[in-house]
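Residue numbers run from 1 in the order of the sequence given.
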Amino acid sequence: MQATSDPVLWLSLAAALVGLVGSVVPGLPGVPLIFLSALVYAYLTGFEVVGAPALVLLGVFAALALAADFVATAYGARRFGASRWGTAGGALGALLGTLLGALFLGVGAIPGLILGAVAGVFAGEHLRRRRGGAPEEGRGGWRRTSRAAGGVLVGYVAGAVAQGLLALLSLAVFVAALFV
């Protein structure tokens, strides 16, 4: 790349670095921001430097990163004892929490994801009990539900690790497309 003093280049790289930080810091966009910064840079430069193969790979990484949050939290809940009702509630709660947290409540997408998933696990397990899907377990049932909700947090950490790795890969692909 010849134009290392190009302000569009430096703004794109700055946005990509924010994406790298955002992959592990709650409330900031991560891998999708790296993809968007590469896409905008490619568009503004006529796709001369960053081409379709790099953009497709970055798009795949962004999709995987988004899926990692939902899959990891649902898997964590299930692994730590949530029933199908609790797992479904956690997945639905994560989706709703992400949207509500980002758009309306001002807490951000990631905190909304975590709080929504935990609330969803509790709601799903509560509905399972009310519908007669589980024998009356008393305190042991709520202990199991609390453990499953803790699994959501473990799943979130696993998802954050996956997002961090995908962000590093994304940044490497973007930088390689720019300078190699």
Side-chain angles (χ1 to χ4, degrees), residues 1-77 90-121 150-180:
M1 167 119 210
Q2 308 239 352
T4 55
S5 63
D6 182 17
V8 173
L9 169 69
W10 293 108
L11 285 172
S12 297
L13 286 173
L17 288 174
V18 169
L20 179 64
V21 171
S23 68
V24 292
V25 173
L28 291 175
V31 182
L33 182 58
I34 297 171
F35 168 68
L36 288 175
S37 66
L39 181 63
V40 168
Y41 182 79
Y43 177 77
L44 292 175
T45 59
F47 298 93
E48 292 177 13
V49 178
V50 179
L55 290 173
V56 167
L57 188 58
L58 291 172
V60 168
F61 288 164
L64 286 172
L66 289 173
D69 274 335
F70 295 107
V71 171
T73 54
Y75 177 77
L92 183 61
L95 180 62
L96 290 175
T98 299
L99 294 174
L100 290 174
L103 299 176
F104 301 112
L105 300 178
V107 297
I110 300 299
L113 170 99
I114 296 168
L115 295 173
V118 169
V121 167
V152 167
L153 297 176
V154 171
Y156 167 73
V157 170
V161 168
Q163 283 217 20
L165 293 173
L166 287 165
L168 287 172
L169 285 171
S170 295
L171 191 59
V173 167
F174 185 32
V175 169
L178 290 172
F179 297 109
V180 175

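Partners of L44 under the side chain to side chain contact (heavy atoms under 4.5 Å, CB included) rule, at least two apart in sequence or in another chain, are V8, V40. Listed by chain and residue number, F47, V50, L55 satisfy the side chain to side chain contact (heavy atoms under 4.5 Å, CB included) test with A42 (two or more places apart in sequence, or in another chain).
Contact detail for A38 and L58: the closest heavy-atom pair is CB-CD1, 3.4 Å.
Put simply, CG on L13 and CG on L17 are 6.5 Å apart, with the number rounded to the nearest 0.5 Å. Here S37 contributes atom OG and L11 contributes atom CG; the two are 10.5 Å apart, rounded to the nearest 0.5 Å.
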Side-chain donor-acceptor contacts of residues 161-180 below 3.5 Å, not counting sequence neighbours, with atom names and distances?
| residue | atom | partner | partner atom | Å |
| --- | --- | --- | --- | --- |
| Q163 | NE2 | A65 | O | 3.1 |
| Q163 | NE2 | D69 | OD1 | 3.4 |
| Q163 | NE2 | D69 | OD2 | 2.8 |
| S170 | OG | L166 | O | 2.8 |

